[in-house]
S.K.: 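Below are the structure tokens for one structure; questions will follow.
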Amino acid sequence: QVQLVESGGGLAQAGGSLRLSCAASGISVSDKSMAWYRQAPGKERDSVAVIGTFGNTNYRDSVKGRFTISRDNGKNTVYLQMNSLTPEDTAVYFCKIVGMNYWGKGTLVTVSS
């Protein structure tokens, strides 16, 4: 059974940082591209960052230079380091295996001004 479990969310002040983790089980993600998405209240779920199998990355414009996606294949885990947070980053953050319909339950990030 494939499971993705996100953690690391919480309350942060504007300008602060959080590090999200996505631990995968039931499947090896070392040979798969992984993505972080987020969904703000009343809005659609949007892609935030993607990391390929060779460590190549891609980010949505609004988080470039602030967020960093990384992976630890030995731990079967993907991370999202979020710096210089703004209230606009408030959302539930999800991880996903690219090309597969497996989603975690998400972790809530709330950024106060």
Side-chain angles (χ1 to χ4, degrees):
Q1 180 181 1
V2 176
Q3 281 192 315
L4 300 173
V5 179
E6 302 92 342
S7 62
L11 178 64
Q13 290 189 335
S17 299
L18 286 172
R19 188 194 194 204
L20 307 183
S21 299
C22 170
S25 61
I27 190 170
S28 173
V29 297
S30 62
D31 60 345
K32 296 173 181 60
S33 295
M34 298 292 295
W36 282 96
Y37 284 71
R38 68 185 181 187
Q39 186 167 19
K43 296 188 177 181
E44 294 185 351
R45 191 173 297 188
D46 292 324
S47 175
V48 175
V50 180
I51 186 166
T53 55
F54 298 107
N56 49 306
T57 58
N58 197 16
Y59 301 91
R60 71 181 298 110
D61 286 346
S62 60
V63 307
K64 284 180 180 177
R66 301 189 299 120
F67 289 11
T68 303
I69 188 171
S70 61
R71 63 193 307 156
D72 185 334
N73 290 335
K75 295 183 178 180
N76 219 29
T77 298
V78 178
Y79 304 97
L80 186 68
Q81 176 67 43
M82 306 187 297
N83 299 328
S84 301
L85 287 163
T86 73
E88 288 68 36
D89 296 317
T90 295
V92 179
Y93 285 72
F94 303 87
C95 68
K96 184 181 183 295
I97 302 173
V98 175
M100 295 186 176
N101 194 28
Y102 295 117
W103 293 88
K105 293 183 178 181
T107 185
L108 176 63
V109 171
T110 304
V111 184
S112 62
S113 57

S.K.: Could you check whether any side-chain N or O of Arg71 sits under 3.5 Å from a backbone N or O of Phe54, counting only pairs where one atom can act as donor and the other as acceptor?
M.R.: no
S.K.: To the closest 0.5 Å, what do you measure between CZ (Arg38) and OG (Ser47)?
M.R.: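 Taking CZ in Arg38 and OG in Ser47, the distance rounds to 10.0 Å.
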S.K.: State, yes or no, whether a side-chain contact exists between Thr90 and Glu88 at a heavy-atom distance under 4.5 Å.
M.R.: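 Counting from C-beta outward, Thr90 and Glu88 never come under 4.5 Å.
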S.K.: Do Tyr93 and Met82 have side-chain heavy atoms sitting under 4.5 Å apart?
M.R.: yes
S.K.: Regarding Arg19 and the six-membered ring of Tyr79, is the cationic atom NZ or CZ under 6.0 Å from the ring centre and inside 45° of its axis?
M.R.: yes
S.K.: How close do Val78 and Ile69 get, counting heavy atoms only, and between which atoms?
M.R.: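 What the structure gives for the nearest pair is CG1-CG1, 4.0 Å.
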S.K.: Sort out for me which residue in Ile27, Leu4, Val2 forms a side chain to side chain contact (heavy atoms under 4.5 Å, CB included) with Met100.
M.R.: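 The side chain to side chain contact (heavy atoms under 4.5 Å, CB included) with Met100 is passed solely by Ile27 among Ile27, Leu4, Val2.
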S.K.: Applying the 4.5 Å side-chain criterion to the ILVMFWY set and letting contacts propagate, would Leu20 and Val63 be lumped into a single cluster?
M.R.: yes
S.K.: Determine whether more than 12 heavy atoms belonging to other residues, nucleotides or ligands lie under 6.0 Å from atom CD of Gln13.
M.R.: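 12 or below, so no.
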S.K.: How long is the straight-line distance from OG1 of Thr68 back to OH of Tyr59, given to the nearest 0.5 Å?
M.R.: 4.5 Å
S.K.: So if you build clusters from Ile, Leu, Val, Met, Phe, Trp, Tyr with side-chain heavy-atom gaps below 4.5 Å, do Val50 and Ile97 land together?
M.R.: no
S.K.: Please report the shortest heavy-atom distance between Ser113 and Ala14, naming the atom on each side.
M.R.: CA-CB, 4.2 Å
S.K.: Any cation-pi pair here, Arg45 with Phe94, using under 6.0 Å and within 45°?
M.R.: yes
S.K.: Under a 3.5 Å distance rule, please check whether Asn73 uses its side chain to pair with a backbone N or O of Asn76 as donor and acceptor.
M.R.: no
S.K.: Measure from the side-chain N and O atoms of Thr77 to the backbone N and O of Ala23, and report whether any donor-acceptor pair falls under 3.5 Å.
M.R.: no
S.K.: Establish whether Leu18 and Trp36 are linked, either directly or via other cluster members, by ILVMFWY side-chain heavy-atom contacts under 4.5 Å.
M.R.: yes
S.K.: Taking the six-membered ring for Trp, are Trp103 and Tyr37 closer than 6.0 Å centroid to centroid?
M.R.: yes
S.K.: Indicate whether any N or O donor in one side chain lies under 3.5 Å from an N or O acceptor in the other, for Asn83 and Ser17.
M.R.: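 Yes - a donor-acceptor pair under 3.5 Å links their side chains.
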S.K.: A side-chain contact here means heavy atoms from C-beta on lying under 4.5 Å apart; do Thr86 and Arg66 qualify?
M.R.: yes
S.K.: I would like to know whether Leu85 and Phe67 meet side-chain contact (heavy atoms from CB on, under 4.5 Å); could you show each step before the answer?
M.R.: CA-CA 9 Å; Leu85 287 163; Phe67 289 11; 4.0 Å; yes
S.K.: Measure from the side-chain N and O atoms of Lys64 to the backbone N and O of Arg60, and report whether any donor-acceptor pair falls under 3.5 Å.
M.R.: no
S.K.: Taking all non-hydrogen atoms of both residues, which atom of Leu80 and which atom of Ala49 are closest, and how far apart?
M.R.: CD1-CB, 4.2 Å
S.K.: Considering all heavy atoms of both residues, which atom of Glu6 and which atom of Cys95 are nearest to each other, and what is their separation?
M.R.: OE2-N, 2.9 Å
